[in-house]
Number of protein chains: 2
Amino acid sequence: MSEPLRADAARNRAAILRATEELLTSSHPRQISMEQVAAAANVGKGTVFHRFGSRDGLLHELMRERARDLEIAITTGPPPLGEGAPPRARLLAFLTAVVEVVARNKGLLAALGTGAPGAGAPKQEPREEHPVYRSWHGHISRLVHERRPDLDADMLAHVFLATVHSEPILNALERGDGDRLDRTLRDLVTGLMPE
Amino acid sequence: MSEPLRADAARNRAAILRATEELLTSSHPRQISMEQVAAAANVGKGTVFHRFGSRDGLLHELMRERARDLEIAITTGPPPLGEGAPPRARLLAFLTAVVEVVARNKGLLAALGTGAPGAGAPKQEPREEHPVYRSWHGHISRLVHERRPDLDADMLAHVFLATVHSEPILNALERGDGDRLDRTLRDLVTGLMPE
DNA sequence: CCGTAAGTTGACTATCGGTCCACTTTACGG
DNA sequence: CCGTAAAGTGGACCGATAGTCAACTTACGG
């Protein structure tokens, strides 16, 4: 899928990601400059851009990393996250897991969701969806459809995920209200998928 | 509440707001620079800042304007938006109206929801909520609580509003999927507030 | 070893939000 | 009317920051 990196490149890549995580624990993504990241990783700014292309690319990649465990859990792990449990249980487990991942990553997802297209050219495309978002959306959508094929599973999945894009909710999570959100989502799902 | 503006100031204020709306119809808020706004309104950049304080202030004020009609409708208008109808009907009518307002205003709300605190100082407060958001949140929260005092109305209201913060959903709205979203929200509310 | 492709770097550019202050316009009391 | 002070105006300027680039360094297969 991708050429292996040279030893120094791999080292720097890891250092940059680690430094970004580090900075992320103490600041909102919007306040972290690429220069800060480069400095914290002990590399030149150019290196950061060479590897990740852009600010969004870096955040994007970091998110990918953070989401990997969950991805594995739902595809090859045991129920209720993995296959085997009924859709409703899987959905509830998944939403709980997503809330947990997002809570641990503050505004990362939110920052990702907000990117402007490139140059000044009249590129007006809605911007490609983030792979992690796509994966999560597909999973929710599939589970909902399985149990309630009469609903608009696609839109419903977007609505559920919107939750973790919302700044007020992110703030609530930061205050430790993760379980409140969890219970609320549970109530919503239960309303839609009884039993 | 506020001193009346001088004639020229009022004229320019209106021109700036109108120019911003104009630009907003053809671009995402993030790509509109204050310089563009100033140019489009035929005023100096300084004037824009003098009147609105900041980029956020301008967007903020514009949103306020856009939300005014809805505000009036729910406080003094006829049912089902205004008082008189049962909570469920009022909530459904309100959500439909919100979707409609947001659909007509693209990412305005989304752009508002995303602001970083000020200077470099370690000001880490969660940032004050937008008045329009607060008003909408309070309204939803009250209606939910009236019918289902057992639920976490506060969090639930955040979840409903998160919907209009989400970029994928905003894109869907732009594609004319407003009624799909509307139906989906209706399903969610119905699941929670049956009858 | 050596050639070379990959990687590194920080000075440089472009852009943009926001500030500042000298200048202009308006409102209004006399 | 007119003089004046308060309000408003505008654009040069500043600091920050995402992203570029061309010269330089390094890893590594043969």
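Below, chains carry the letters A, B, ... as their sequence lines are ordered, and counting in each starts from 1.
Per the geometry, CG belonging to B:Asn42 stands 13 Å off P belonging to D:dT9, to the nearest Å. Taking atom CZ of residue B:Arg13 and atom P of nucleotide C:dT26, one finds them 19 Å apart after rounding to whole Å. Taking atom CG on A:Leu59 and atom P on D:dG19, their separation rounds to 11 Å, with Å as the unit. Counting to the nearest Å, the P atom of C:dC21 and the NE2 atom of B:His50 are 15 Å from each other. A:Arg51 has its CZ atom 12 Å from the P atom of C:dT9, to the nearest Å.
Every salt bridge (Lys or Arg N to Asp or Glu O under 4.0 Å) that A:Asp8 has, sequence neighbours left out, goes to A:Arg6. Residues satisfying the side chain to side chain contact (heavy atoms under 4.5 Å, CB included) test with B:Ser135, not counting sequence neighbours, are B:Glu71. With sequence neighbours left out, B:Glu35 forms a side chain to side chain contact (heavy atoms under 4.5 Å, CB included) with B:Ser33, B:Lys45. Take A:Glu100 and apply the side-chain hydrogen bond (donor to acceptor under 3.5 Å, both in side chains) test, not counting sequence neighbours, and it matches A:Arg104. Remark: B:Val99 engages B:Leu173, B:Leu181, B:Leu185 in a side chain to side chain contact (heavy atoms under 4.5 Å, CB included) (not counting sequence neighbours). Partners of B:Arg13 by side chain to side chain contact (heavy atoms under 4.5 Å, CB included), not counting sequence neighbours, listed by chain and number: B:Leu5, B:Leu17, B:Arg51, B:Phe52, B:Glu61, B:Glu65.
Sorted by first and then second residue, the side chain to side chain donor-acceptor pair (under 3.5 Å) pairs with a member in residues 151-161 of chain A read A:Tyr133-A:His158, A:His137-A:Asp154, A:His137-A:His158, A:Asp152-B:Arg180, A:Asp154-B:Arg180; sequence neighbours excluded.
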### Task
Could you encode protein contacts along nucleotides 22-30 of chain D as a string, one character per nucleotide from 5' to 3', using B for base contact, S for sugar-phosphate-only contact and - for no contact, with a heavy-atom cut-off of under 4.0 Å?
----BSS--
### Task
For each nucleotide in nucleotides 12-18 of chain D, reading 5' to 3', give B when a protein heavy atom comes within less than 4.0 Å of its base, S when such contact involves only the sugar-phosphate, and - otherwise.
------B
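Side-chain N/O atoms of B:Asn12 include one lying less than 4.0 angstrom from OP1 or OP2 on D:dT9. For the OP1/OP2 pair of C:dG7 and a distance below 4.0 Å, the side-chain nitrogens and oxygens of A:Thr47 include no atom meeting the criterion.
A 4.5 Å side-chain heavy-atom check between A:Leu58 and A:Met34 finds at least one atom pair inside the cut-off.
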